Amino acid sequence: MNVELILGRELMPLYEKLLHGERLSFEDGLLLYTTPNLTGVGYLANIVRERLNGNYAYYIRNQHINYTNICNKGCKFCSFYAQKGGSKPYTLTMDEVRERLVAYKHIPITEVHIVGGVNPRLPYEYYLGLVRTVKEVRPDVHIKAFTAVEWEEIARVARKPLEEVLVEMKEAGLGSVPGGGIEVLSDRIHAEQFPKKIDGKRWKEIARTIAQAGLHQYATLLYGIGETIEERVDHFVQLRELQDETRHFLAMTPLSFHPEGTQLAHLPHPTGDDDLRNIAVARLMLDNFPHIKSFWIMNTPAITQVALWYGADDVDGTVHEYEIVYQDDAPGVRQQVLTRRELIRLIREAGREPVERDSLYQIVHSPGDEPEPQRKMLKVIA
Ligand code: SF4
């Protein structure tokens, strides 16, 4: 294969750097965002992706619990929190949490993912109760819970240092911490779009505390909310430096912004080019992150299949009961699920080898164990 034909003279120096294991610079990141040669960017990202993860494409069987949509932060990009004319406010009781867990008890999920709004009326015991309730109903699952902004709130209502709170939560059953809590590490975007939330400096302090507590964490980038490409590249560079220091991040998930129902509804939806390019640039800039995820709910299953050749090695999971963003805003669509068979088909059809993982990327089912999927169309269950 003539690599120069794919990459052109513009991207060849980056290819040379990758061959020699050299780290890409901030300027390289800008070039990856501005070149019209998206295929070349994907080709480069795929080199790193296959070097780190071979032909594997990971998925997980997981359930999401979004415990409240009441939130005092009012982030402009968010359509999840309860507002006048929007969704009704709710906070799940422990009985309701238990019911949701019991409803999926027949499915051998390995992870429960808990996130919600910042509801100032919730006491510390509520958060501890969430984690304990999951462990009561499903003692074997891994609990991934609370973004950095929620951890700030939990420590505030607990009136304890975050270090102590994390120890108590670990004792209750916490396993790791999801990404989110900062959309892009930019003071400008923070001031314009989510000024009531923690800023980038605090987000990084919290990430360090999580690492010191011996917990793994995930990272995200929300793109399409008015950030510049310089701010995106800077986000990656800051995360890369933090990971050099802590080594506790397991994966990066670039998240495609859904403007519907937000204060930024006038902004265009990110395109397929945006979705693939952000995944590819993440893979190339974050050379110390083991995994890059294409979250099918945000990117669609179709883009996720292509993304498996643009740097992504993970499609996330079956995702029972995710309520933050809906793929289809049609009335009546209340659940978004891909079954295990559908995920396997999605991955196999894209030419990758499906591997079921747990939250820490340990293999639950190796490629040879995966059942043959039924030939049927992917669907979002209404
Ligand atoms: S993104 Fe999170 S913190 Fe911001 S308004 Fe939505 S729920 Fe609240």
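First listed ligand is number 1; within each ligand, the first listed atom is number 1. Just so you know, these numbers come straight off a predicted model, no measurement behind them.
Between His291 and Tyr361, the distance from one ring center to the other falls under 6.0 angstrom.
We find that Lys76 and Glu183 are not joined by a salt bridge, their nearest charged nitrogen and carboxylate oxygen being 4.0 Å or further apart. Electrostatic pairing of Arg188 and Glu227 does not count as a salt bridge here, judged by no charged N lying under 4.0 Å from a carboxylate O.
Here 1 is the count of protein N, O or S atoms positioned under 2.8 Å from atom 8 (Fe) of ligand 1, waters not counted.
Distance check, rounded to the nearest 0.5 Å: NZ of Lys197 to SG of Cys78 gives 7.5 Å. Here NE2 of His64 is found 10.0 Å from CD1 of Ile109. Values are rounded to the nearest 0.5 Å.
Under the 4.5 Å side-chain criterion, counting only non-hydrogen atoms from C-beta, Ser176 is not in contact with His113.
In summary, the atoms of ligand 1 found under 4.0 Å from a heavy atom of Phe77, numbered by their order in the structure, are 1 (S).
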